[in-house]
Amino acid sequence: MRFTIAQNEKNVVEKIVSLAKRKGFVFQSSEIYGGLNGCWDYGHLGVELLRNIKEEWWKSMTYREDIEGLDASILMHPKVWEASGHVENFTDPMIDCKQCKTRFRVDTLGDSINEKKKKKIVEAFEENLTDANKTILQSVYDIHEDLDARFEAILENKELAFELLKEANCPNCGTKGEFTEPRNFNLMFKTFVGPVESADNTVFLRPETAQGIFVNFQNVQNSSRQKLPFGIAQIGKAFRNEINTKNFLFRTREFEQMEMQYFVNPSTDKEHYDVWKERRLNWYKNLGMDLENLRFHDHPSDKLAHYAKEATDVEYKFPFGWGEIEGIHNRTNFDLSRHQEFSGKSQQYFDDELKEKYIPFIIETSAGASRSFMAFLVNAYHEEEVNGEQRVVLKFHPKLAPIKAAIFPLVNKDGMPEIGKVIEAELSQFMRVFYDSKGAVGRRYRRQDENGTPFCITVDNQTLEDKTVTVRERDSMEQVRVSTDDLLTFLLKKLK
Ligand code: GAP
């Protein structure tokens with residue numbers, strides 16, 4: 001992913017981070033101690049938004065007959081991660097600057113070097129190559145034409161990377177060519193079970209929730225008596241010791257995933273893969289994400305993960321560039337075959353229609369709850385001018401909005417607060433609402449616009465006469481009068 005941050009776009013992210021803190025969406029973890037890099041806490045509005053995203057995903061996945069839910073533990077048998085390939089492959093190549101000791105991921109170093117500088121580095125590197133490395137370089141140039149792609153591909157090749165790094169400056173202190181050799185760094189967090197900190201007692205915090213699903217394939221299939229094709233869905237925390245955390249919630253060390261593994265007959269993999277691609281894009285679209293800010297990025301065959309036959313990313317256009325919010329993968333029978341091999345337990349499925357046994361293929365949809373949170377937040381953020389004044393408004397889909405309705409008595413007398421409190425008590429049995437009697441109504445509207453509250457209900461003089469209230473819609477700012485008796489039904493319809 002390439003980030004070219006124009007100043008005004010960078011400002012948008014800064015504004016959103018600041019709004020997120022001021023309004024109680026997201027705080028830095030352990031802020032009073034200076035923060036912990038790559039970890040974030042969700043405040044009173046953030047936790048509602050996050051829960052609503054997960055709830056919508058859960059309903060879309062499990063309120064259907066062919067998908068079952070699961071909640072597997074974070075700590076798993078260490079053999080799981082050997083079988084999955086994470087012990088061997090879940091690594092990033094790292095280098096340290098010998099001068100300032102800063103550590104960098106080799107494959108993303110190019111992101112912090114401008115075009116002109118890259119050209120200079122590549123020219124100097126080409127001049128000093130051995131014949132053997134010239135041949136390797138030629139094979140890279142045969143595949144990639146533009147400078148950025150070539151730079152990236154050179155850094156992905158261990159032999160070439162070390163030579164190229166001799167010509168590069170440290171992005172932190174500027175020192176030239178003082179990097180250590182690239183070394184592989186495993187991204188899994190380690191800890192120990194029991195009181196003895198030994199190799200035998202080492203376990204990992206799961207870097208993906210998927211493995212909890214794979215190792216429970218037989219349990220779920222047997223207990224639910226599902227037949228193929230069927231899926232298992234899970235939401236849960238995952239941990240990765242990312243070297244470079246960046247862009248707010250985009251790349252963090254602790255995050256939540258919403259993963260669904262769909263088990264299919266191997267001969268039907270392509271058809272299910274295509275169906276799930278479409279369904280997942282529609283899920284984002286139906287929750288208000290602008291279609292022009294969404295796209296698929298299909299992985300070329302030479303960039304596929306070790307387990308995948310076909311893969312695509314659902315990408316969102318963040319202010320800093322396109323970024324993956326979900327991965328959709330045809331994982332073949334890689335995972336179940338490996339677990340069968342490492343555990344010695346059969347992972348075959350008996351297809352009683354075909355009268356044959358086979359290891360199912362898996363189509364995976366793997367969304368980041370925290371990353372989607374950021375995409376929904378960015379997508380909702382709008383600055384508008386209303387009657388010569390600026391308003392900041394979060395235009396969340398009503399289903400995702402942290403607070404569904406705010407209730408205002410126009411003035412704090414004449415029985416209006418009492419009516420407002422009755423409405424609050426009634427509505428809060430069904431949805432999160434907020435009662436606010438402080439300040440001018442215009443200011444109360446603005447506060448709720450910034451919270452993303454889709455409806456504001458005002459109790460006014462007319463309410464005392466005919467038991468109607470005004471309901472103001474956040475985006476259009478239009479107001480309608482609704483009888484207090486019909487208010488709940490009115491809102492529930494709008495929240496559907
Ligand atoms: N089981 C497959 C898997 O984990 P992935 O592409 O590595 O695939 C899936 O991750 C999703 O998890 C990503 O699309 C992203 O939304 C989220 N994700 C991955 N690493 C993340 C991180 N460091 N911080 C936040 N979200 C992350």
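First listed ligand is number 1; within each ligand, the first listed atom is number 1.
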Here's one to test your reading of the geometry: is the NZ or CZ of [X] within 45 degrees of the ring axis of [Y] and under 6.0 Å from its centre?
| X | Y | result |
| --- | --- | --- |
| R280 | Y284 | yes |
| R253 | F189 | no |
| K79 | F342 | no |
| K166 | F179 | no |

Q) With no hydrogens and no angle check, is any side-chain donor or acceptor of N52 less than 3.5 Å from a backbone partner on V47? A) no

(Q) For E256, is there any backbone N or O sitting under 3.5 Å from a side-chain donor or acceptor partner on S370? (A) yes

Q: Examine F376 together with H397 and report whether their ring centres are nearer than 6.0 Å.
A: no

Q: Under the side chain to side chain contact (heavy atoms under 4.5 Å, CB included) rule, what do F250 and R371 come out as? Steps first, then yes or no, please.
A: CA-CA 5 Å; F250 188 83; R371 222 180 249 184; 3.6 Å; yes

What protein heavy atom sits nearest [atom], and how far off is it?
| atom | answer |
| --- | --- |
| atom 24 (N) of ligand 1 | T252 N, 3.0 Å |
| atom 18 (N) of ligand 1 | F255 CE1, 3.5 Å |
| atom 15 (C) of ligand 1 | R371 NH1, 3.5 Å |
| atom 25 (C) of ligand 1 | F250 O, 3.2 Å |
| atom 14 (O) of ligand 1 | E324 OE2, 2.6 Å |
| atom 10 (O) of ligand 1 | Q257 NE2, 3.5 Å |
| atom 9 (C) of ligand 1 | S366 OG, 3.0 Å |

Output the list of atoms in ligand 1 that are nearer than 4.0 Å to some heavy atom of [X], sorted by atom number.
| X | result |
| --- | --- |
| E326 | 14 (O) |
| E208 | 1 (N), 2 (C), 3 (C), 4 (O) |
| A210 | 1 (N) |
| E364 | 1 (N), 2 (C) |
| G327 | 14 (O) |
| E259 | 1 (N), 2 (C), 3 (C), 4 (O) |

Q: Please step through side chain to side chain contact (heavy atoms under 4.5 Å, CB included) for the pair C170 and E178, ending with a clear verdict.
A: CA-CA 8 Å; C170 168; E178 282 298 313; over 6 Å; no

Report yes if some N/O of [X] lies less than 3.5 Å from some N/O of ligand 1; otherwise report no.
| X | answer |
| --- | --- |
| G368 | yes |
| E242 | yes |
| H329 | no |
| R240 | yes |
| I325 | yes |

Q.
Could you walk me through whether F217 and F263 satisfy the ring-ring contact (aromatic ring centres under 6.0 Å, His included) test, starting with their C-alpha distance in whole Å, then the side-chain angles of each, then the deciding distance to 0.1 Å, before giving a yes or no?
A. CA-CA 9 Å; F217 164 65; F263 301 86; 4.6 Å; yes

Q: May I ask whether R331 places a heavy atom under 4.0 Å from ligand 1?
A: yes

Q) Got a sec: does the OH of Y33 have more than 12 other heavy atoms crowding it under 6.0 Å? A) no

**Q.** Check: D298/T312 side-chain N/O donor and acceptor closer than 3.5 Å
**A.** yes

